[in-house]
Enquirer: 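Structure in structure tokens, see below.
Values below: all heavy atoms of this structure, side chains included; hydrogens, waters and symmetry mates excluded.
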Amino acid sequence: MVISVIKKIFSIIGVSYLLCFSFYYTNLASIIIKNNDPIMKEIRRTSSNYELNYVNAIINDNNIIPGVVGIKVDINKSYYEMKKYGSFNDSLLVFQDVLPEISISNTYDKYISKGNEKNKNVSLIFKVENTNYIEEILNVLYSKDIYATFFVNKNIIDDSIDILDKIVKKGCKVELLDDLYKEDNYNKYNRLIKKYTNQELKYCYLDSENFEVLNNCCYKKMHTIIPNIMTNNYPYNLVKNKLEPGSIIKLSNNGQTLKELKYIINYIEQRGYTIVLLDDLIKE
């Protein structure tokens with residue numbers, strides 16, 4: 001009886017071994033065939049021609065400028081895509097991103113003042129401390145097909161929360177404007193903003209360096225923004241004098257901004273810049 005059981009066990013082990021060996025051999029043979037396929041050889045031979053090296057984020061003291069993501073050919077996915085058609089075709093190449101080694105994606109203890117200069121993009125952000133001219137500003141942006149990020153004071157959210165709905169309906173983004181971005185405030189307003197806009201908080205805003213805010217936001221994995229162009233009474237002239245690739249342009253919701261906003265947008269675009277959301281400006 002015992003001998004019979006032992007024989008069955010060894011028989012099962014033997015069959016399992018043969019199956020594993022057969023699977024390994026089949027898989028190995030498949031890899032060899034694939035690697036010797038002319039399509040695969042051509043993909044490997046030419047893949048380096050399509051690669052773009054990443055650019056590391058630049059850290060300067062307490063500031064960071066986002067890098068630029070690289071790309072490389074996904075050799076296996078490209079092969080299977082071309083195999084469907086039986087020949088090499090570079091239009092069927094599949095690419096994958098290569099993140100910079102130094103990246104804002106995992107760096108929250110530095111201030112961001114601008115995007116990467118390699119992309120001729122700029123971003124508009126509004127520091128909203130009252131409800132003046134918000135709808136009129138949104139209408140100007142909408143008429144120009146421009147989207148901006150509005151940092152809205154927590155008191156406005158408490159008293160006039162419907163303003164959030166007006167902002168997002170025009171395709172713009174809402175962020176919190178707070179003194180210190182402490183945990184209690186963050187949790188409260190993150191819930192409110194998510195409820196009314198379906199957006200989570202991603203950024204903190206500062207006019208100048210504040211390590212308490214930076215630490216609070218770093219803890220919550222939020223990027224801290226200090227715009228490199230800060231306007232107030234005469235925004236058009238300031239933008240004209242300081243505009244550069246990657247600029248983050250802070251505007252106030254006042255009468256002068258409303259008066260000059262369309263001219264600011266026109267000037268930026270005439271200089272060959274593209275106005276993008278803050279998310280897109282600092283995206284690597």
Side-chain angles (χ1 to χ4, degrees), residues 52-71 96-128 141 145-152 167-168 171-178 181 186 190 193-194 197-211 213-231 239 242-251 264-265 268-269 271-284:
L52 289 177
N53 293 328
Y54 62 76
V55 178
N56 276 325
I58 299 170
I59 295 177
N60 184 12
D61 294 329
N62 297 319
N63 298 282
I64 186 168
I65 296 175
V68 178
V69 72
I71 60 169
Q96 62 186 90
D97 290 341
V98 182
L99 289 176
E101 291 182 7
I102 304 172
S103 169
I104 68 160
S105 64
N106 51 21
T107 305
Y108 298 94
D109 61 345
K110 306 291 180 185
Y111 303 104
I112 298 176
S113 295
K114 58 188 299 187
N116 194 286
E117 295 180 357
K118 290 185 176 294
N119 300 319
K120 207 170 181 183
N121 295 334
V122 301
S123 187
L124 304 180
I125 66 176
F126 287 83
K127 183 182 179 183
V128 180
L141 293 173
D145 197 26
I146 298 297
Y147 306 100
T149 302
F150 288 73
F151 284 82
V152 182
I167 291 171
V168 296
C172 296
K173 293 292 184 74
V174 173
E175 292 288 339
L176 175 66
L177 182 64
D178 192 15
Y181 293 93
Y186 166 80
N190 189 46
I193 288 173
K194 185 176 181 180
T197 71
N198 201 31
Q199 301 169 11
E200 297 231 16
L201 294 176
K202 298 172 67 174
Y203 307 108
C204 300
Y205 176 91
L206 285 173
D207 288 323
S208 59
E209 293 187 6
N210 182 315
F211 283 103
V213 169
L214 184 65
N215 289 333
N216 288 341
C217 296
C218 177
Y219 176 76
K220 291 182 278 291
K221 294 188 175 180
M222 296 169 66
H223 291 296
T224 302
I225 307 297
I226 301 180
N228 65 311
I229 300 178
M230 297 195 189
T231 72
V239 170
K242 292 192 173 184
L243 186 66
E244 61 180 337
S247 288
I248 299 175
I249 304 165
K250 170 256 175 182
L251 297 164
I264 292 170
I265 293 170
I268 292 171
E269 294 183 330
R271 288 282 305 276
Y273 294 93
T274 301
I275 301 173
V276 300
L277 278 167
L278 184 59
D279 285 352
D280 298 318
L281 183 74
I282 69 171
K283 180 182 178 181
E284 291 176 321

Enquirer: Enumerate the side-chain hydrogen bond (donor to acceptor under 3.5 Å, both in side chains) contacts for residues 215-228, please, sequence neighbours excluded, ordered by first and then second residue.
Expert: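 Pairs touching residues 215-228 that pass the test: Asn228-Glu244, Asn228-Ser247.
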
Enquirer: Could you give the distance from CD (Glu209) to CG (Asp61), rounded to the nearest 0.5 Å?
Expert: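 Those atoms lie 8.5 Å apart.
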
Enquirer: For Asp279, enumerate each residue passing the salt bridge (Lys or Arg N to Asp or Glu O under 4.0 Å) test, keeping only those at least two apart in sequence or located in another chain.
Expert: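 Counting only residues at least two positions away or on another chain, Asp279 forms a salt bridge (Lys or Arg N to Asp or Glu O under 4.0 Å) with Lys173, Lys202.
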
Enquirer: Below 4.5 Å, heavy atoms only, C-beta onward: do Ile225 and Leu278 meet side chain to side chain?
Expert: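 Contact flag for Ile225/Leu278 side chains = yes.
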
Enquirer: Run the side chain to side chain contact (heavy atoms under 4.5 Å, CB included) test against Asn121 and tell me which residues pass, sequence neighbours left out.
Expert: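 Counting only residues at least two positions away or on another chain, Asn121 forms a side chain to side chain contact (heavy atoms under 4.5 Å, CB included) with Asn119, Thr274, Val276, Leu281.
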
Enquirer: Of all the heavy-atom pairs spanning Asp178 and Tyr181, show the shortest one and how long it is.
Expert: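 Closest approach of Asp178 to Tyr181, heavy atoms only: OD2-N, 3.2 Å.
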
Enquirer: Go through the structure and list residues passing salt bridge (Lys or Arg N to Asp or Glu O under 4.0 Å) with Asp207, not counting sequence neighbours.
Expert: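 Asp207 satisfies salt bridge (Lys or Arg N to Asp or Glu O under 4.0 Å) with Lys127 once adjacent residues are dropped.
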
Enquirer: To the nearest 0.5 Å, what is the distance between CG (Asp280) and OG (Ser123)?
Expert: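 OG of Ser123 is found 8.0 Å from CG of Asp280.
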
Enquirer: If the condition is side-chain hydrogen bond (donor to acceptor under 3.5 Å, both in side chains), which residues does Lys194 pass it with, not counting sequence neighbours?
Expert: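 Scan of Lys194 (side-chain hydrogen bond (donor to acceptor under 3.5 Å, both in side chains), adjacent residues dropped) gives Glu200.
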
Enquirer: Under a 3.5 Å distance rule, please check whether Asn190 uses its side chain to pair with a backbone N or O of Leu201 as donor and acceptor.
Expert: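 Yes, the answer is positive, given that a donor and an acceptor are paired below the 3.5 Å cut-off.
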
Enquirer: Does Tyr147 have any side-chain hydrogen bond (donor to acceptor under 3.5 Å, both in side chains) partners at least two apart in sequence or in another chain, and if so, which?
Expert: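 Tyr147 satisfies side-chain hydrogen bond (donor to acceptor under 3.5 Å, both in side chains) with Asp145 only.
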
Enquirer: State, to 0.1 Å, how close Ser113 and Asn63 come at their nearest heavy-atom pair, and which atoms those are.
Expert: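 In terms of heavy atoms, the two residues are closest at OG-OD1, 3.8 Å.
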
Enquirer: For Val68 and Lys118, work out which heavy atoms get closest and say how close.
Expert: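 Nearest heavy atoms, Val68 then Lys118: CG2-CD, 4.3 Å.
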
Enquirer: If you define the side chain from C-beta out and look only at heavy atoms, does anything of Ile249 sit under 4.5 Å from Ile264?
Expert: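 Ile249 vs Ile264: side chains apart.
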
Enquirer: Please identify each residue that fulfils side-chain hydrogen bond (donor to acceptor under 3.5 Å, both in side chains) with Glu117, with sequence neighbours left out.
Expert: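 Applying side-chain hydrogen bond (donor to acceptor under 3.5 Å, both in side chains) to Glu117 gives Lys114.
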
Enquirer: If you define the side chain from C-beta out and look only at heavy atoms, does anything of Leu177 sit under 4.5 Å from Val152?
Expert: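 Not touching, per the 4.5 Å side-chain cut-off.
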
Enquirer: Less than 4.5 Å apart, any side-chain heavy atom of Leu251 and any of Ile125?
Expert: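 No, every pair of side-chain atoms sits at 4.5 Å or beyond.
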
Enquirer: Would you please name every residue forming a ring pair (Phe, Tyr, Trp, His ring centres under 6.0 Å) with Tyr205, sequence neighbours left out?
Expert: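 Only Phe151 meet the ring pair (Phe, Tyr, Trp, His ring centres under 6.0 Å) criterion with Tyr205.
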
Enquirer: Give the minimum heavy-atom separation between Glu269 and Ile146, together with the two atoms involved.
Expert: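 Closest heavy-atom pair between Glu269 and Ile146: OE2-CD1, 3.5 Å.
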
Enquirer: Would you name the heavy atoms of Pro66 and Gly115 that are closest together and state the gap between them?
Expert: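 So the two residues come closest at CD-CA, 4.0 Å.
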
Enquirer: Does Val168 have any side chain to side chain contact (heavy atoms under 4.5 Å, CB included) partners at least two apart in sequence or in another chain, and if so, which?
Expert: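 Asp165, Val174, Thr197, Gln199.
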
Enquirer: Flag the pair Val239 / Ile268 as yes when at least one side-chain heavy-atom distance between them is below 4.5 Å, and no otherwise.
Expert: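 Yes; the side chains approach each other to less than 4.5 Å.
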
Enquirer: By salt bridge (Lys or Arg N to Asp or Glu O under 4.0 Å), which residues pair with Lys242, not counting sequence neighbours?
Expert: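 Checked Lys242 against salt bridge (Lys or Arg N to Asp or Glu O under 4.0 Å); zero matches.
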
Enquirer: Taking the side chain as C-beta and beyond, is there a heavy-atom pair between Ile65 and Ile112 under 4.5 Å?
Expert: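 Heavy-atom side-chain distance check fails, nothing below 4.5 Å.
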
Enquirer: How close do Val213 and Cys204 get, counting heavy atoms only, and between which atoms?
Expert: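 Residues Val213 and Cys204, closest heavy atoms: CG1-CB, 4.4 Å.
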
Enquirer: Kindly compute the distance separating CD1 (Ile193) from CG (Leu176), expressed to the nearest 0.5 Å.
Expert: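 These two atoms lie 5.5 Å from each other.
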
Enquirer: Which pairs of donor and acceptor atoms, one on a side chain in residues 100-108, lie under 3.5 Å apart (sequence neighbours left out)?
Expert:
{"residue": "Glu101", "atom": "OE2", "partner": "Tyr54", "partner atom": "OH", "Å": "2.9"}
{"residue": "Ser103", "atom": "OG", "partner": "Ser105", "partner atom": "N", "Å": "3.0"}
{"residue": "Ser103", "atom": "OG", "partner": "Ser105", "partner atom": "OG", "Å": "2.7"}
{"residue": "Ser103", "atom": "OG", "partner": "Glu284", "partner atom": "OE1", "Å": "2.3"}
{"residue": "Thr107", "atom": "OG1", "partner": "Ser103", "partner atom": "O", "Å": "2.7"}
{"residue": "Tyr108", "atom": "OH", "partner": "Ser105", "partner atom": "O", "Å": "3.2"}

Enquirer: For Phe150, enumerate each residue passing the ring pair (Phe, Tyr, Trp, His ring centres under 6.0 Å) test, keeping only those at least two apart in sequence or located in another chain.
Expert: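 Counting only residues at least two positions away or on another chain, Phe150 forms a ring pair (Phe, Tyr, Trp, His ring centres under 6.0 Å) with Phe126.
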
